Amino acid sequence: MAIFLTKESKVLVQGMTGGEGMKHTRRMLAAGTDVVGGVNPRKAGRTVDFDDRAVPVFGSVREGMAATGADVTVVFVPPAFAKAAVTEAADAGIGLAVVITEGIPVHDSVAFHAYAATKGTRVIGPNCPGLITPGQSNAGIIPADITKPGRIGLVSKSGTLTYQLMYELRDIGFSTCVGIGGDPVVGTTHIDCLAAFQDDPDTELVVLIGEIGGDAEERAAAYVRDHVTKPVVAYIAGFTAPEGRTMGHAGAIVSGSSGTAQAKKEALEAAGVRVGGTPTETARQVLTRWESERVAAQG
């Protein structure tokens, strides 16, 4: 019941000894994540105590992987060092790099995404909350106590809306929730997650959260139409955004009629996706679709 992250995942934290890294490493451990090490060249050889667990610090991702078998890294380093951190992780052959850092220059993101792709490293983010497989593992900053394991998959540009939908649908629960980030350039996309959820036998319904700007949601709609057989329910943030004003995420840029919430809604609905007008209405639509699927399965 998971995509990308399971209880078997072994997690490194690049930037673990910084303030944000320390705080969220403690939260990840409390959620059951197998955090096997931190990475900081200046503090290599030390250990950091997190309640009842001592986590070693390695000088590089490669050293950490060799010593622990880590296959995931979570990046909490400052924006100026993010490109180098992801490049280092990709060079070491890590399978998944979750980049929480916000404020990374777009040209740096373009460069490390392209480089990671040549090395076979999946990147989630940047400027994202990470991902969580409830009851198994949590890589990032998503609260672990607002939902439970279940059969809904969630992919979202917005961290806050990720949390809201997780909470409102907590009675059903989630297989995996992925916050892909709202920057103009991100690694893992809506389509990547849709494909993974489609292939996951324990995900029965998918929630897609988008926002104004760009054409990612229109491309996702085309993918749903052609490749996804499972029910999909969506919400697009930005229906009330005033024209001609920059809103929210760096990727939320609207040009003319392109990238508007209405255009995205129409594309998704044309692909058979139900689109809620508010997050709460979206949650109600999920519940309605969920119940109808249960009745159909029993009948």
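Keep in mind the model is a prediction, meaning the values are calculated, not measured.
With sequence neighbours left out, the salt bridge (charged side-chain N to carboxylate O under 4.0 Å, His left out) criterion links Arg219 to Asp215. Residues that satisfy the salt bridge (charged side-chain N to carboxylate O under 4.0 Å, His left out) test with Arg26, not counting sequence neighbours, are Asp51. For Glu281, the salt bridge (charged side-chain N to carboxylate O under 4.0 Å, His left out) test picks out no residue, with sequence neighbours left out. Shown here are the salt bridge (charged side-chain N to carboxylate O under 4.0 Å, His left out) partners of Lys230, two or more places apart in sequence or in another chain: there are none. Residues satisfying the side chain to side chain donor-acceptor pair (under 3.5 Å) test with Thr229, not counting sequence neighbours, are Gln198. Checked against side chain to side chain donor-acceptor pair (under 3.5 Å), Glu102 has no partners two or more places apart in sequence or in another chain. Looking at residues two or more places apart in sequence or on another chain, you find no side chain to side chain donor-acceptor pair (under 3.5 Å) involving Arg62. Residues satisfying the side chain to side chain donor-acceptor pair (under 3.5 Å) test with Asp108, not counting sequence neighbours, are none.
For residues 86-105, no residue pair satisfies the ring pair (Phe, Tyr, Trp, His ring centres under 6.0 Å) rule, not counting sequence neighbours. Residue pairs meeting the ring pair (Phe, Tyr, Trp, His ring centres under 6.0 Å) criterion with at least one partner in residues 31-89, sequence neighbours excluded, are His24-Phe76. Pairs of residues two or more places apart, or lying in two chains, that qualify as salt bridge (charged side-chain N to carboxylate O under 4.0 Å, His left out) and include a residue from residues 33-50 are Lys10-Asp34, Asp34-Arg53.
Taken together through direct or relayed side-chain contacts under 4.5 Å among Ile, Leu, Val, Met, Phe, Trp and Tyr, Ile94 and Val11 form parts of separate hydrophobic clusters. Both Leu169 and Ile236 are members of a single hydrophobic cluster when ILVMFWY side chains are connected at heavy-atom separations under 4.5 Å. Note: the hydrophobic cluster containing Leu131 also contains Ile100 (ILVMFWY, side chain heavy atoms under 4.5 Å, direct or indirect links). Placement of Ile124 and Val207 within a single hydrophobic cluster is found when ILVMFWY residues are connected by side-chain heavy-atom separations under 4.5 Å, directly or transitively.
Atoms OH and OG1, on Tyr163 and Thr147 in that order, are 13.5 Å from each other to the nearest 0.5 Å. Glu218 CD to Leu268 CG: the interatomic distance, rounded to the nearest 0.5 Å, is 7.5 Å. Here the CD1-CG distance, from Ile172 to Leu205, works out to 7.5 Å after rounding to the nearest 0.5 Å. To the nearest 0.5 Å, atom CG of residue Asp145 and atom CE of residue Met166 are 9.0 Å apart. Residue Leu96 holds its CG atom at 11.5 Å from CG of Leu12, rounded to the nearest 0.5 Å.
Look at Glu217 and Lys157 and you find a salt bridge, because one of the NZ, NE, NH1 or NH2 atoms lies within 4.0 Å of a carboxylate O, short of that distance.
Judged by distance alone, the side chain of Thr118 and the main-chain N or O of Tyr115 form a donor-acceptor pair under 3.5 Å. A distance-only check finds a donor-acceptor pair linking the side chain of Thr188 to the backbone of Val123 [under 3.5 Å]. A donor-acceptor contact shorter than 3.5 Å links the side chain of Thr68 to the backbone of Gly64. Gln14 contributes no side-chain N or O that, together with a main-chain N or O of Asn40, makes up a donor-acceptor pair within less than 3.5 Å. In terms of modelled atom types and a separation under 3.5 Å, the side chain of Thr33 and the main chain of Met28 share a donor-acceptor contact.
Side-chain atoms of Asp202 and Ser175 form no donor-acceptor pair, as typed in the model, at a separation below 3.5 Å. Under 3.5 Å, the side chains of Ser158 and Glu211 contain no donor-acceptor pair of N or O atoms.
Between Thr282 and Leu165, the shortest heavy-atom distance links the atoms CG2-CD1, 4.4 Å.
Cluster partners of Val110, by chain and number: Val106, Val185. The rule joins Ile, Leu, Val, Met, Phe, Trp and Tyr whenever side-chain heavy atoms lie under 4.5 Å apart.
By the 6.0 Å and 45° rule, Arg122 stacks over the aromatic ring of Phe4.
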